[in-house]
Amino acid sequence: MRRLLLTLALTAAAHASALGLEDAWRSAPARPEAITTRLELLTARSNLVRVEADPLALRLDKLQATQEVERLEAEHRHALLSAMQEIAEAYTGVLQARDQAGLAREALALTESALEVARIRFANGSATALELREAEIAVDEARQNVEAAENGLGVARANLEGMIGVEVDPAELEPVSDELLATPPALEALLAGLSGHPTLLQASQGVELARAAVELLDPAYAPAAQIESARTQLATAEELVAEARRGFELQARNAYLQVGTAADKHDVAAQRAAAAEERLGLEELRLQGGLISRLQRDQAALEARRRALELQAAKHDHLLALLRLQTATMYDLGLAPAGAVGQ
């Protein structure tokens, strides 16, 4: 029922207006892993209520029931964050495939214009047969590029539709908002919250269980060998937690560095796109002044479009790096709409 309501809401949104990434994110709770962990969490919560109401329940029974709820809460939240990342990858994939197809069509039109020029020049004796053949080959290659780009768009569209459960029109997808490019907190803050990751939480719970097992044993009724074995298990569990945390801290540091690298590349791409637009403006003035041909101006326009597409890709990489950081650290960067990563 929950998945049906989300699908109906998304369908209504898609028909009412253009679909944005934040709209697509609302389907995160309907992803398979999110549904599975949600159902398991509801079962665990019901079990905890029963255990707490049971007068015969022992300390370990209550501890294990409580830990099960805490672990599944973490797993469900991690599933939602992972779904956000996957949906964003699919969504930006469609945006880039759509614009790549548009760029390929523009490039084809430009090569066809260049072919017409080559034919005119060949007819009046100012171009060789080789130059004409090269122009014809360029058109053939451009047509192949258009076909490949259109096929890529179809694959990307199908992937996104499979993710969110509704049909989408690539032309109606809204661009990624700059507001989503959040500045992450200091690395220390991210590392401090790693204990909320389900894998680390489960390891920590193992320590808690092992410690409780030691506390429940008393020399009055437990043999020394059993007590020593419990203490050994506790020490082993503590070592495993420390080792696991070191591994997750390394992953978090790498994800943090990747965000910085992606942000820097985004800045460089923005500068290049601005320079290409400035060059296009100058070429427009030169065309108006009769200093260049329309074909030369069109070539500058195509280069500006290429730079704009590179900027879009860099922007998407920046966002995806942030989402990977959020998933790796379980730190809420405030990217999701209300309800997308709720319990």
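Just the heavy atoms: all of them, side chains too, but no hydrogens, waters or symmetry mates, feed the values below.
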* To do: Kindly say whether Leu287 contributes a backbone atom to a donor-acceptor pair with the side chain of Arg297 at under 3.5 angstrom?
  => no
* **For Trp25 against Leu335, the heavy-atom pair lying closest together** => CZ3-O, 3.1 Å
* Asked: Do the side-chain N and O atoms of Glu68 and Asn47 include a donor-acceptor pair separated by under 3.5 angstrom?
  -> no
* How far apart are the closest heavy atoms of Leu311 and Ala273, and which atoms are they? -> CD2-CB, 3.9 Å
* To do: Provide the closest heavy-atom pair for Pro184 versus Leu325 in the form atom of the first, atom of the second, distance.
  => CB-CD2, 3.9 Å
* How close do Ala74 and Met330 get, heavy atom to heavy atom, and via which atoms? -> O-CE, 3.6 Å
* To do: Mind listing the closest non-hydrogen atom pair of Leu81 and Thr327 along with its distance?
  => O-OG1, 3.5 Å
* To do: Hey, can you tell me if His318 and His266 have their rings parallel, tilted or perpendicular (30° and 60° cut-offs)?
  => perpendicular
* **Side chain proximity check, Asp332 to Gln326, heavy atoms < 4.5 angstrom** => yes
* Quick one: do Glu249 and Arg245 make a salt bridge, cutoff under 4.0 Å? -> yes
* Asked: Is the number of heavy atoms from other residues, nucleotides or ligands within 6.0 Å of CZ (Arg279) greater than 12?
  -> no
* Keeping the roles fixed (side chain from Asp264, backbone from Thr261), state whether a donor-acceptor pair exists under 3.5 Å. => no
